[in-house]
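Notes for the one structure printed next.
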Amino acid sequence: MQAPAPPENNRLLAALPREVFRRIAAELQPVPLMLGAMLYEPSSKLKAAYFPTSAIVSLHYVTESGASVETASVGLEGMVGVTLLMGGQTTPSSAVVIASGHAYRLDARVLMHEFEQEPAVRSLLLRYTQGLLTQISQNAVCHRHHSIENQLSRWLLRIVDRDPAGQLVMTQELLAHILGVRRESVTEVAGRLQSAGCVSYRRGHISVLDRGALEKRTCECYGMLRKEWTRLVPEVPQACREQQMA
């Protein structure tokens, strides 16, 4: 695994007021997140928030029968642990790493102190929470009304948004769990996307080859979510990120 990227590679951390970023910089602990690692389990008390810089984390629910579905995912655009902001302390969902990489861990007490004392921090994190809730709602609509090809294309495009290389280690079984569908359905759809030249899939490695072609196979959910994220949490220009660290 490569060395961790600087914390300002996470868009939420980069968007913090400079004085706040400087205060918490020493509290940000770089942590490697390995594929399959569980950041929190259902009903467990959250003790920290995680700000990914290269890892991707899936938030999902598992039923009593063992079936599961992803409700949202978090990458370098966000934070794992919004339950802390709402005072719930626990959540019935799980957070599992689906793409290995790095993140920065911030103790819950430090996060909540800044959230409660700094209006700019509170506004930023509440906007992010709104974006996450929008993602959860849109995913529910997509699972109910759009085809598996639409859903898989949307999901892969979100991966490319976080990592332009568009490469992911992912078994078809895990993809089926994420989308909440049968493994055979994922196999069929992945085969069609590969035949169309959209992706390359071999031995658990998926690479996006043609983003434009993939966009034609997704639904309106992808464009709507991307537009909403841009509106709520605009990306900070690289020059401003470097100034943040100065």
Original post:
Would L132 and F115 show up in the same hydrophobic cluster when neighbours are defined by side-chain heavy atoms closer than 4.5 Å?
Top reply: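 Yes, it is one cluster - the side chains of L132 and F115 are joined through contacts under 4.5 Å.
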Subject >> Verify same cluster id: L76, L156 (apolar side-chain graph, 4.5 Å) >> reply: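 In one cluster with L76: L156, no.
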**OP:** State whether the side chain of R127 and the backbone N or O of L232 hold a donor-acceptor pair below 3.5 Å, judged by distance alone.
**Re:**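 Looks like yes, one N/O pair under 3.5 Å.
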Original post:
Within the side chain of E77, is there an N or O that forms a donor-acceptor pair under 3.5 Å with the backbone of G75?
Top reply: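 A pair under 3.5 Å: yes.
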Salt bridge or not between [X] and [Y]? Use side-chain N to carboxylate O under 4.0 Å.
| X | Y | answer |
| --- | --- | --- |
| R158 | D163 | no |
| E228 | R231 | yes |
| R122 | E116 | no |
| E118 | R23 | yes |

**OP:** State which residues pass ring-ring contact (aromatic ring centres under 6.0 Å, His included) with W229; sequence neighbours excluded, sorted by chain then number.
**Re:**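 ring-ring contact (aromatic ring centres under 6.0 Å, His included) check on W229 returns Y128.
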For the residue pair [Y] / [X], report whether a side-chain donor-acceptor contact shorter than 3.5 Å exists.
| X | Y | value |
| --- | --- | --- |
| Q172 | T187 | yes |
| T230 | R226 | no |
| Y50 | N10 | no |
| S153 | N150 | no |

Original post:
Using a side-chain heavy atom cutoff under 4.5 Å and only I, L, V, M, F, W and Y, what cluster partners does V96 have?
Top reply: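 So far as hydrophobic clustering goes, V96 is joined with M38.
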